[in-house]
Amino acid sequence: MQKSLISSAQLTKEFVFEVFTLADEIKENPEKYANSLSGKVITTLFFEPSTRTRLSFESALQRLGAKLLTVENGLLNSSANKGESIQDTIRIVQGYSDGIIMRHSENNASEIALEVAKVPIINAGDGSGEHPTQSLLDLYTIQTRKKSLNNLSIAFIGDLKFGRTVHSLVKSLSLFKNNRIYGVSSKEFELPNTYLDWLASNNITYIPLKTIDEIPKDIDVLYQTRVQTERFKEPVIPYEPLILNKNTFKRFNQKTILMHPLPRNEEIHTDVDNDPRAIYFEQSQNGLYVRMALLHLLLH
Ligand code: NCD
């Protein structure tokens, strides 16, 4: 495994399970890893808004003993605001730190960074491209709840076109056997061809649907997403047939789990939150341990 993580296409099954085993171990024995990154300075360089991703990375880094440099709201608060290129920013920041965790609004920002980087680069979300560390925590959440990553049925709902968490999870699910994927969206938000081709070349069944009501009620995983409104100039009106509430969720099996990368808007009503099948807050908490494990493996 390289020390940078740019796309879920880089993941192997072995590495995914190495991360999971270590995440479990860290959760049990955090003190054993408290100095894993001591002496290292790591930069979180965020050019787009974030709560979970940045704070869970920073919490993970602190818990592993690293020191932090952080740029939040980078388009305003870094030299990007003075017209500096991604390449030049990376050339500078790597002089001050031993690794860079970057979120950017451009789809290929982390690849551009990687071209000039001498320190590991971790993609924390690039435009409507990918979000590979989210896919690791999503896989981990599915594994802990379903005890397997094979033979599953998974429905992605909402913005499959711009949702980078969907893109990375679709790619990483292809590592496993016999999964069936449903893509539930309106016409404007369908999964782009690159990901459809990826699924086809990995022999994964993909079934496009238009409404939540069409999803089989014994589905294993519902993966709901918000419309990525920041990719549009005009406000986007929520599409009613894709909204989950107590009523539309009732129909599903007791073993169905409901995930969401968060933040949510109207696509999951709060009246679903107390249903034990709704596990999005647990999913987000898992991000801490998964990111600690990943950072230990890549940066130690
Ligand atoms: C996602 C993201 O930023 O892509 N959030 C996250 O990292 N948990 C999803 C989103 O913003 O809708």
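In listed order, ligands and their atoms are each counted from 1.
- Ligand 1 is approached by Pro263 to a heavy-atom distance shorter than 4.0 Å.
- Of all atoms in ligand 1, listed by their number and element, those nearer than 4.0 Å to a heavy atom of Thr53 are 6 (C), 7 (O).
- Of the possible donor and acceptor atoms, none in the side chain of Asn35 sits under 3.5 Å from a partner among the backbone N and O of Ser38.
- Numbered from 1 in the order shown, with element, the atoms of ligand 1 that lie under 4.0 Å from a heavy atom of Arg103 read 2 (C), 3 (O), 7 (O).
- The closest approach between a heavy atom of Glu48 and any atom of ligand 1 is not below 4.0 Å.
- When heavy-atom distances to ligand 1 are checked against a 4.0 Å cut-off, Thr165 comes that close only through its side chain, counted from C-beta outward.
- Side-chain atoms of Tyr239 and Ser185 form no donor-acceptor pair, as typed in the model, at a separation below 3.5 Å.
- When the options Arg54, His131, Arg164 are ranked by their closest heavy atom to atom 3 (O) of ligand 1, first place goes to Arg164.
- No donor-acceptor distance shorter than 3.5 angstrom exists from the side chain of Lys118 to the backbone of Gln94, with no hydrogens or angles considered.
- The Gln134 neighbourhood of ligand 1 comprises atoms 6 (C), 7 (O), 8 (N), with distances under 4.0 Å to a heavy atom of that residue.
- Contact atoms of ligand 1 toward Gln228: 10 (C), 12 (O) (distance under 4.0 Å to a heavy atom of the residue).
- With 3.5 Å as the limit, one finds no donor-acceptor pair spanning the side chains of Thr225 and Asp159.
- Using a 4.0 Å cut-off to heavy atoms of Arg226, the atoms of ligand 1 that qualify are 10 (C), 11 (O), 12 (O).
- With hydrogens and angles left out, the side-chain atoms of Asn286 and Glu282 include no donor and acceptor closer than 3.5 Å.
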